[in-house]
Structures are given as C-alpha cells and as structure tokens.
Protein chains: 2
Amino acid sequence: MQTGDMELPKVGSLGEYIRQQRQQAKISLRQLAAQAGVSNPYLSQVERGLRKPSAEILNQIAKGLHISAQALYVQAGLIEDREPDSDVLAAIRADVTLTGRQRQVLIDIYESFRKENRADDSARPPQSAETFGDDPVPSRNGVTPETKEG
Amino acid sequence: MQTGDMELPKVGSLGEYIRQQRQQAKISLRQLAAQAGVSNPYLSQVERGLRKPSAEILNQIAKGLHISAQALYVQAGLIEDREPDSDVLAAIRADVTLTGRQRQVLIDIYESFRKENRADDSARPPQSAETFGDDPVPSRNGVTPETKEG
DNA sequence: TGCTGGTGCTTGCAATTGCAAACTCGGCGG
DNA sequence: CCGCCGAGTTTGCAATTGCAAGCACCAGCA
C-alpha cells in the first residue's frame with residue numbers, strides 16, 4: 001500500500017477524488033467508464049456521491065485510472081492510511097508465517113518497548129546514539145531474546 | 001505487490017478462512033457475529049460461501065476475529081498479498097518510536113521465529129493445542145493463518 | 001420425559017448496487 | 001434550420017446484500 005504520493009481530500013469524498021483523477025488524466029467520464037468496465041451512468045453517480053461502489057468496482061475504476069486500488073480504498077474508508085507507528089503492529093498481525101503465539105510475543109515486546117520509550121521520553125533528552133546498550137530487554141514468557149540472539 | 005510468497009488457501013474460500021479463524025479462536029458463530037456486529041445468519045451464509053460480504057462487513061468480521069482486515073481482503077481477492085517478511089522488517093526499521101537497539105532486538109526475534117518456523121515446517125509433528133501453530137504445510141511459506149490470541 | 005440454552009441454518013424482506021435505455025445539453029457541420 | 005456526436009444525467013429494474021424472525025438440532029439437567 002502506498003499513500004506517499006497522495007495528499008488526499010478527506011476520506012468521504014471518493015467521488016470527488018475519482019473525478020479529480022479523471023480530469024487530471026484528461027479523459028471523459030465515458031472513457032473512464034469504458035476503461036474501467038463500469039457503466040457510465042453508474043460512474044457518474046459514484047462521482048457525485050449518489051452511489052457507493054463496492055471494492056470490486058473501485059478496483060476497476062482504479063485500473064481505468066491507472067492508479068492503485070489502495071488509493072481508492074483509502075478514499076472509500078476501507079483501509080486506513082498507514083501510520084508509521086501502527087505499521088509494526090499491523091505487519092506483525094498480518095504476518096501469516098508466524099504462529100499466533102509468536103505474534104503475541106512480538107507484539108508484547110514491541111509494546112513494552114514503546115511504553116518504556118514513553119517513560120524514557122519524559123525523563124530524558126532525545127538521544128542520538130542509542131544504538132546499543134541502553135535497554136535491557138524485557139523477558140517474556142520465558143522467551144529470552146538474548147538466548148535467541150545467541 | 002507480490003503474491004508468490006503466499007500459499008494460502010485459494011482466494012475464493014473466504015468463508016472457509018473465516019470459519020477456520022473462528023474455530024481457532026474457539027468461538028461460536030453467534031459469538032463472532034456479535035463481536036463483529038453482523039447478523040449470525042448472515043455470517044453463517046458468508047462462511048458457507050452463500051453470500052459475498054462487502055469490504056465493510058469484512059472489516060467488522062476481522063475486528064471480531066482480532067485479525068487484520070487486510071487478511072480478509074486478501075482472501076476476498078480485494079487486494080493482493082504483501083510480503084509479510086518485508087512488512088514486519090520494514091515496519092520495524094521505519095518505526096521511529098523505537099531505539100536502534102530495540103529495533104534490532106525485535107528484528108532478531110522476528111527472524112529467529114521465522115527460522116524456527118521454517119525448521120519446524122520441515123520436521124514437525126502435528127502441533128499441540130498450546131500453539132496456535134502452523135499447520136504442517138509443505139510449502140515453507142504456506143501458512144494456514146491461525147487465530148490471534150486476543 | 002420435558003425444558004432450557006446453545007449451536008448453526010432457512011426464509012422473506014427492505015435497502016442498496018450496478019446496469020441499460022433513455023434523456024438533456026452543447027458544439028459542429030451541412 | 002437540421003442532424004450528428006460526445007458530454008454527463010435520469011430513471012426503472014434485476015440482482016445482490018444484510019437483516020430479523022423463525023426453525024432445527026443437540027446436550028445437559030430436573
């Protein structure tokens with residue numbers, strides 16, 4: 001998912017966004033409808049906010065606009081823009097190569113790090129070279145990260 | 001977007017996936033429906049493939065299952081899967097709320113988990129109930145997503 | 001035995017989605 | 001003037017979505 005190139009109008013103005021993208025591409029509503037494989041009246045309604053298209057239609061419209069479907073999903077409120085600080089949690093949760101327990105371990109550690117850093121932040125100037133040796137690692141469930149690091 | 005990595009149950013078996021996640025979480029259909037805020041008959045139909053839920057319903061179901069909506073979107077074919085390993089690693093690296101040491105610790109743990117899972121996958125008996133562990137899937141990354149802890 | 005509570009499924013319905021046919025408008029050429 | 005074309009919009013309809021009421025089944029208990 002990429003949102004980096006988009007400073008978007010507020011979510012909720014999907015139709016405006018689609019029209020804007022279409023006008024930037026300098027194609028007519030009918031042309032986009034044809035390219036997207038949707039009916040032009042329907043696209044018109046979507047652009048004017050009269051209808052709420054399904055994700056599949058969004059996919060098709062995105063294809064017609066040569067933009068990522070995710071951009072439209074974001075506009076439609078189906079997914080959220082990624083926040084840097086929720087990336088890790090979301091990524092861990094989505095990582096199907098991990099077992100549930102492993103995910104939980106990672107999440108727990110991550111969150112305790114964050115908690116620790118919040119406490120540190122209130123007591124400590126921003127560090128610039130904390131690369132090593134400043135943090136004891138919390139033990140969790142007998143999973144000792146040090147042992148793993150070996 | 002990469003899909004090559006994931007040997008999930010085929011997209012299209014969204015309902016199976018939801019049921020599976022639900023059963024892993026050991027909750028009844030009604031409980032999940034309540035937690036997700038959808039009607040239980042509808043959820044039943046979705047699980048059996050009789051209905052095709054919108055992205056918003058998927059969102060709600062994901063919330064009820066404590067999994068990411070993206071996982072369900074992938075199953076539903078709304079988005080394509082991402083490389084989980086680059087997600088987590090990239091997210092950890094990008095997370096400015098962590099110290100460098102913390103990042104390294106998380107990365108190390110994550111990598112050892114994955115190594116462990118790869119080794120386990122090749123030589124592993126059926127899991128005990130304790131783990132929500134991976135099914136013995138032939139493919140290295142062929143993971144049947146397990147329920148989340150909660 | 002009957003009752004209760006929990007499970008998942010069936011059915012009918014209202015609302016919504018996406019379409020096709022038709023419409024309106026503006027520009028252009030004969 | 002007319003007709004044609006392309007633009008976007010209106011309208012009615014079939015199909016689909018999601019729900020509520022109800023059903024069927026099962027296990028446990030007095």
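Residue numbering restarts at 1 for every chain, and letters A, B, ... go by the order of the sequence lines. Not measured: the values here are computed from a predicted model. In what follows, every heavy atom counts, from backbone to side chain, and hydrogens, waters and symmetry copies are set aside.
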Non-neighbouring partners of A:Tyr42 that pass side-chain hydrogen bond (donor to acceptor under 3.5 Å, both in side chains), sequence neighbours left out |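 Not a single residue meets the side-chain hydrogen bond (donor to acceptor under 3.5 Å, both in side chains) criterion with A:Tyr42.
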Identify, with sequence neighbours excluded, every residue that meets side-chain hydrogen bond (donor to acceptor under 3.5 Å, both in side chains) alongside A:Asn59.
->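 side-chain hydrogen bond (donor to acceptor under 3.5 Å, both in side chains) list for A:Asn59, sorted by chain: A:Tyr73.
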Between the two end axes of the helix from C:dT1-D:dA30 to C:dG30-D:dC1, each built from 5 base pairs, what angle do you get to the nearest 10°?
->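 Between the first-five-pair axis and the last-five-pair axis there is 20°.
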Can you find a heavy atom in the side chain of [X] that is under 4.5 Å from one in the side chain of [Y]?
{"X": "B:Tyr110", "Y": "A:Ile109", "answer": "no"}
{"X": "B:Leu72", "Y": "B:Pro53", "answer": "no"}
{"X": "B:Ile18", "Y": "B:Leu32", "answer": "yes"}
{"X": "A:Ile57", "Y": "A:Ile61", "answer": "yes"}

Could you check whether any side-chain N or O of [X] sits under 3.5 Å from a backbone N or O of [Y], counting only pairs where one atom can act as donor and the other as acceptor?
{"X": "B:Gln60", "Y": "B:Ala36", "answer": "yes"}
{"X": "A:Gln31", "Y": "A:Ser28", "answer": "yes"}
{"X": "A:Ser13", "Y": "A:Glu16", "answer": "no"}

Within residues 34-44 of chain A: residues closer than 4.0 Å to DNA chain D (heavy atoms) =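 Those residues are A:Asn40, A:Pro41, A:Ser44.
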By a strict heavy-atom criterion of less than 4.0 Å, which residues belonging to residues 51-63 of chain B are in contact with DNA chain D?
->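 Contacts with DNA chain D under 4.0 Å: B:Arg51, B:Lys52, B:Pro53, B:Ser54, B:Ile57.
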I need the [atom1]-[atom2] distance between [X] and [N], as an integer number of Å.
{"X": "B:Glu47", "N": "C:dT7", "atom1": "CD", "atom2": "C1'", "value": "12 Å"}
{"X": "B:Gln23", "N": "C:dT7", "atom1": "CD", "atom2": "C1'", "value": "12 Å"}
{"X": "A:Leu29", "N": "C:dT24", "atom1": "CG", "atom2": "P", "value": "19 Å"}

Qualifying residue for side chain to side chain contact (heavy atoms under 4.5 Å, CB included) with B:Leu65, from B:Arg22, B:Gln24, B:Gln35 |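 One option only clears the test, and that one is B:Arg22.
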Which nucleotide span of DNA chain D, 5' end to 3' end, has atoms closer than 4.0 Å to non-hydrogen atoms of chain A?
->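 Listed 5' to 3', the contact boundaries are D:dA7 to D:dT11.
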